[in-house]
Protein chains: 2
Amino acid sequence: MKITIHDVARRAGVSTATVSLVLHNKRKISEETRKRVLKAIQELNYHPSQVARGLVLKQTGNIGFVLTEDHFLRTEPFYTRIFLGTEFEARDSNYFVLLATIPNDFFDDTPLPRFVMQQNVDGIIIAGKVPLKFLDKLRSYNFPLVFVDYYPPRGTYSAVLIDNIRGGMIATDHLIELGHQKIAFIGGDLQHPSISERYLGYKLALEKHGLTYDADLVVTGEQSTSKENGYRAVCALLDKKTEFTALFACNDAMAMGAMECLKKRGIKIPEQVSIVGFDDIEQDAFLDPPLTTIAVPKPDLGIEAMKLMQDILNKNIRTNKKVLVPVELVVRKSTTRLRD
Amino acid sequence: MKITIHDVARRAGVSTATVSLVLHNKRKISEETRKRVLKAIQELNYHPSQVARGLVLKQTGNIGFVLTEDHFLRTEPFYTRIFLGTEFEARDSNYFVLLATIPNDFFDDTPLPRFVMQQNVDGIIIAGKVPLKFLDKLRSYNFPLVFVDYYPPRGTYSAVLIDNIRGGMIATDHLIELGHQKIAFIGGDLQHPSISERYLGYKLALEKHGLTYDADLVVTGEQSTSKENGYRAVCALLDKKTEFTALFACNDAMAMGAMECLKKRGIKIPEQVSIVGFDDIEQDAFLDPPLTTIAVPKPDLGIEAMKLMQDILNKNIRTNKKVLVPVELVVRKSTTRLRD
DNA sequence: TTGAAAGCGCTAACAC
DNA sequence: GTGTTAGCGCTTTCAA
């Protein structure tokens, strides 16, 4: 049988109210009884029932974490790491995280995660891009929401985002400082905020260093930022006979594709072309050459999201705060000083 | 304000008990009132509070899912898929799944997942190999346990396992049926049940077809079943000048390493050596040539685990049942008929 | 500073 | 068939 607050009260010779009071150190409790109660708790190894607590407090102690199926199953454990950060932070703060995946195609009759229908969470963290239809359906429940690595096109929300602009900037800075002037950029769909921000960082860096932006050096518009599209983008650049000595790819997947294309055409990396990616995925260090990239601290994204959620829950206000998680340049072997 | 059972009762003009009764269609309720209640539930969009329910029923409605950090973060989403299966099955059965990762190194003072300390789950599913120390600490809580893809060395448990013996057998059968006689096996640590079972399947298939087992064709003992070790194992085979026309690798990672080594030495796959792997990981289809392998239905493992857990929870007995999830041969391009 | 008691939303005897 | 009621474990006024 599970130990209850009554057991503790009896053993400490006090009322259940007192136990509850010391548990949450509310009001003034004499040091003496406080000690007695604490001792009883220790001895009985008592852990308050979250369920009973939730019933009276009208909170569940759970936080929902929503991810599309695609994102959860990605080979690269990007969102998995974010989730881990959230789970980690939740431990300290006495929350449980309920993970739910939703389909990538969300229709009017697609059911919402059970924890929203049953109102079994106090707030919801949404990681990565999700269907707008999902958000529409979710809205009426009025849950506190925190977005991670995604910001919906309309509306104002609390969110934890990657500092993409700065990332794009320091990636480009790095290349410029190595003496490069003809720096290509390959990206995907510019509608996607992360990509357009990285692109913006690229342009800002050029500007800062007094280099002129050259549209010929830029390939964007690919639907997805996949390895294949990175391959294609660089081939296109090469086919147009565009000259460049360095390349900033909007993510590591595209950078990998770029490397393949360059290798196939006999172009040496980094001797002839230096490459910087973005994300710092697992494989980077094992590529040939190991890829210089912008590291994104994935667990931090999850931790910050959970912290933000707690802020909202505790202060009981919708802050609509945006947190930008800092990124970092990781120099490996795919970039080198320009020689002439 | 959330809708409660009282609101429904009032609207339907019945008592809360009646509402509860129709909710769980216990006892006989007149068709007429049943309809009225159902209608009220509909109109109010009522969802019973799991929390309140849990309090009286003394269940939490949660299932814990434990994974080591390494397994959760593996690039290949093996356990992630298993988790997804569990989550999926849980939806129907009105359970929530609480995921917790534990460190790979578990010491006496490493804290248990919070849901065990707070007894906030009805049972725990443990996926993959976990530290024995963890199991030791867990034991005293007396939770219903279901293991997935792992079976502790001591004790009797409920578990969902891959049918490794059969997998090893059909992999080898396939090669034999293609005319191969000299079939090599590369595996890792034979202490690991999955590996020794696949190895056993290999031997059983040979026996079944009247082929004699040749120890020279077998390389085992590598610590981990990594790509690198697959590479090394095949190199060792080649260096010993062992002749073989086919190879069964105990998993796809090793098979990939094997392919690399063979290619490097100028040996053609499948013309000179046919290869079968095990697991059917994501990349298999994109290898050159695409890898023939034994497919493991990962989500099924998770689904079966959840079903088994429900069995245990509903019938309130510890079945200690073992469920073997069937595997399947997937023929791609890495195997071909032996020519002479 | 501490205790008595009400009540959170639900279920299950038991009574009618 | 349906309603009354006690009670699950906890928090929180209110009173002492």
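Every chain is numbered from 1, with letters handed out A, B, ... down the list of sequences.
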Quiz item: Is the shortest side-chain N/O distance from B/Thr18 to OP1 or OP2 of D/dG3 below 4.0 Å?
Solution: yes
Quiz item: For B/Gln59 and C/dG9, what is the distance between atoms CD and P respectively, to the nearest whole Å?
Solution: 20 Å
Quiz item: Nearest 0.5 Å, what's the CZ-CD1 distance between B/Phe147 and B/Ile124?
Solution: 9.5 Å
Quiz item: Within less than 4.0 Å of OP1 or OP2 of C/dT11, is there a side-chain N or O belonging to B/Arg53?
Solution: yes
Quiz item: In whole angstroms, how far is the P atom of D/dG7 from the CD1 atom of A/Ile5?
Solution: 18 Å
Quiz prompt | A/Asp149/A/Lys298 under salt bridge (Lys or Arg N to Asp or Glu O under 4.0 Å): CA gap, chis, key distance, verdict | solution = CA-CA 10 Å; A/Asp149 193 36; A/Lys298 294 108 193 167; over 6 Å; no
Quiz item: Between B/Asn25 and B/Arg34, do the side chains contain an N or O donor and an N or O acceptor separated by less than 3.5 Å?
Solution: no
Practice problem: Give a yes/no on whether any side-chain N or O of B/Ser15 is located under 4.0 angstrom from OP1 or OP2 of D/dG3. | Solution: yes
Quiz prompt | Separation of atom CG in A/Asn120 from atom P in C/dG9, rounded to whole Å | solution = 15 Å
Practice problem: Measure from the side chain of B/Ile29, starting at C-beta and using heavy atoms only, and say which of C/dG9, C/dT2, D/dT2 lies closest. | Solution: D/dT2
Exercise. Go through D/dG9, C/dC10, D/dT11 for me and flag the one nearest to the A/Leu57 side chain.
Key: D/dT11
Quiz item: Any cation-pi pair here, B/Lys322 with B/Tyr151, using under 6.0 Å and within 45°?
Solution: yes
Exercise. Would you classify A/Val19 as touching base, sugar-phosphate or nothing, given that sugar-phosphate means primed atoms plus P, OP1 and OP2, and contacts are heavy atoms under 4.0 Å?
Key: nothing
Practice problem: Determine whether the aromatic ring centres of A/Tyr79 and A/Phe72 lie less than 6.0 Å apart. | Solution: no
Self-check item: d(NZ, B/Lys58; P, C/dG9) in whole Å
Solution: 20 Å
Quiz item: Once you round it to whole Å, what is the distance between C1' of D/dG9 and CD1 of A/Ile3?
Solution: 13 Å
Exercise. Output the single nucleotide from C/dG9, C/dA5, C/dA13 whose closest atom is nearest the side chain of B/Leu55.
Key: C/dG9
Practice problem: Tell me which of A/Leu21 and B/Ala52 sits closer to the 5' end of DNA chain D, going by the nucleotide each one is nearest to. | Solution: B/Ala52
Quiz item: What's the spacing between A/Met306 CE and A/Gln310 CD if we round to 0.5 Å?
Solution: 4.5 Å
Exercise. Give a yes/no on whether any side-chain N or O of B/Ser49 is located under 4.0 angstrom from OP1 or OP2 of C/dC8.
Key: no
Quiz item: Would you say C/dT2 has OP1 or OP2 under 4.0 Å from some side-chain N or O of A/Ser30?
Solution: yes
Quiz item: For D/dT11, does either OP1 or OP2 sit under 4.0 Å from a side-chain N or O belonging to A/Ser20?
Solution: yes
Self-check item: Selected nucleotide, minimal atom distance to A/Val14 side chain, candidates D/dC10, C/dG3, C/dT1
Solution: C/dG3
Quiz item: Atom NE2 of B/His6 and atom P of D/dT4: how far apart are they, to the nearest Å?
Solution: 11 Å
Quiz item: Rounded to the Å, how far apart are A/Glu31 CD and C/dT2 P?
Solution: 10 Å
Quiz item: Hey, is the side chain of A/His24 poking within less than 4.0 Å of OP1 or OP2 on D/dT11, counting only N and O atoms?
Solution: yes
Quiz item: Side chain of A/Lys26: nearest nucleotide among D/dT5, D/dC10, D/dT12?
Solution: D/dT12
Quiz item: Any side-chain N or O of B/Thr4 under 4.0 Å from OP1/OP2 of C/dC8?
Solution: no
